[in-house]
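See structure below.
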Amino acid sequence: MPELPEVEVVRRGLAEHAVGRVLEGVTVTHPRAVRRHVAGPADLSAQLTGLRIEAAHRRGKYLWLTFDATPLGTGASATGLDLALVVHLGMSGQMLVQPAAAPVEKHAHIRAVLDDGAELRFVDQRTFGGWSLAGLVEVDGSVVPDTVAHIARDPLDPRFDREAVVAAIRAKNTEIKRVLLDQTVVSGIGNIYADEALWRAGLHGTRIAATLTRPALRTLLDAVTAVMTEALAVGGTSFDALYVNVNGESGYFSRSLAAYGRENEPCDRCGALLIREQFMNRSSFSCPTCQRKPRRR
DNA sequence: TATATCTCCTGCGGGC
DNA sequence: TGCCCGCAGGAGATAT
């Protein structure tokens with residue numbers, strides 16, 4: 001599932017293969033792939049056509065492309081400087097840059113023709129992701145799409161303030177894993193990296209955030225940063241063909257996971273068998289010895 | 001206001 | 001072989 005490292009891999013791919021290119025035409029074949037756009041997919045296509053991609057950005061799990069004006073543009077180019085194409089990959093979204101002649105993927109819901117003959121394709125099996133257009137706003141010293149303004153900085157952001165996040169977490173009277181997954185507190189963390197970071201920090205996900213000490217939370221946030229950095233270095237985590245970079249290649253971090261998906265396998269730290277529990281309608285993996293459950297709420 | 005739960009969606013694998 | 005069901009889970013909407 002695409003979490004921060006996987007999304008960053010995609011962003012880098014877009015920066016390499018799509019930035020500088022002009023969108024010569026956009027075709028939407030699945031209306032659900034266009035989000036929050038009252039005017040509909042046709043209007044989104046019209047607004048994007050003729051824009052040159054200036055840069056690829058990311059915050060947490062959100063990607064967005066910004067544009068500059070281009071002499072090749074249509075009437076839409078006049079607004080390009082203030083417009084962002086926001087992309088969320090959901091659970092299974094892919095942003096692929098393919099030769100136009102390449103076979104079209106079964107779940108290719110949006111296809112954008114680039115001026116170098118390639119196509120930028122949004123492929124999404126489970127249709128939890130999508131594209132949307134947004135205006136740009138300044139929040140806390142950074143320019144972001146207005147639909148991303150509520151998303152907190154992620155641990156790989158140079159301006160990530162660890163102490164401020166520690167304080168925000170301690171203000172929450174709920175389980176620490178819920179807080180890690182709350183993108184308004186700290187962004188980019190999904191179920192996989194939450195379990196990995198909690199395992200590294202030796203904390204059970206049902207511990208109440210407000211009861212954790214500042215040093216424990218610093219350790220936890222450092223674990224989040226470390227696990228994401230390591231995953232990014234090897235191209236992200238892949239369990240199947242659902243997560244790939246813009247060239248359709250998978251990452252290798254799944255081989256390094258210490259907790260997620262390892263039910264009944266020995267803990268790398270103590271040897272106890274890892275367990276799986278239901279939490280927030282999804283699976284959580286932990287070590288019953290290293291990560292003690294709280295006695296009660 | 002803060003927190004918890006529901007819903008969306010599709011493909012895969014297991015059980016019968 | 002085919003059908004049914006559970007599972008995977010990000011995030012907005014809704015409920016408490």
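Each chain gets a letter, A, B and so on, in the order its sequence line appears, and its residues count up from 1. Computed from heavy atoms alone, side chains included, the values below leave out hydrogens, waters and symmetry copies.
A:Glu16 places no side-chain N or O within donor-acceptor distance of the main-chain N or O of A:Arg12, the cut-off being under 3.5 Å.
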Which protein N or O atoms sit under 3.5 Å from an N or O of nucleotides 12-15 of chain C?
| from | atom 1 | to | atom 2 | distance (Å) |
| --- | --- | --- | --- | --- |
| C:dG12 | OP1 | A:Tyr62 | OH | 2.6 |

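The distance from atom CZ of A:Phe279 to atom P of B:dA4 is 8 Å, rounded to the nearest whole Å. Nucleotide B:dA4 holds its P atom 10 Å from the NZ atom of A:Lys172, rounded to whole Å. Here the P atom of nucleotide C:dC7 and the CZ atom of A:Phe285 are 12 Å apart, to the nearest Å. Atom pair A:Gln94:CD and B:dC9:P shows a separation of 20 Å (rounding to whole Å applied). Taking atom CZ of A:Arg126 as the reference point, atom C1' of B:dC9 lies 9 Å away to the nearest angstrom. Between the CG atom of A:Asn173 and the C1' atom of B:dT1 there is a distance of 13 Å, given to the nearest Å.
Considering A:Lys177, A:Glu196, A:Arg282 in turn, A:Lys177 is the only one that fulfils the side chain to side chain donor-acceptor pair (under 3.5 Å) rule with A:Asn191. The side-chain contact (heavy atoms from CB on, under 4.5 Å) test with A:Leu89 singles out one residue from A:Glu6, A:Met95, A:Lys61, A:Glu3, and that residue is A:Met95.
Checking A:Arg282 against A:Ala171, the closest nucleotide of DNA chain B that is more toward the 5' end is the one next to A:Ala171.
Taking the side chain of A:His107 as heavy atoms from C-beta on, and the options B:dT10, B:dC9, C:dG10, the nearest nucleotide is B:dT10. The side chain of A:Lys106 approaches B:dG11 more closely than any other nucleotide in the set B:dT7, C:dA8, B:dG11. Each of C:dG10, B:dG11, B:dC6 was ranked by its minimum atom distance to the side chain of A:Asn281; first place goes to B:dC6.
Among residue pairs with one or both ends in residues 205-215 of chain A, none qualify as salt bridge (Lys or Arg N to Asp or Glu O under 4.0 Å); sequence neighbours excluded.
Residues passing the ring-ring contact (aromatic ring centres under 6.0 Å, His included) test with A:Trp199, sequence neighbours excluded: none.
Here A:Arg35 lies out of heavy-atom contact (under 4.0 Å) with every strand.
The side-chain heavy atoms of A:Leu212 and A:Leu203, taken from C-beta on, include a pair separated by under 4.5 Å.
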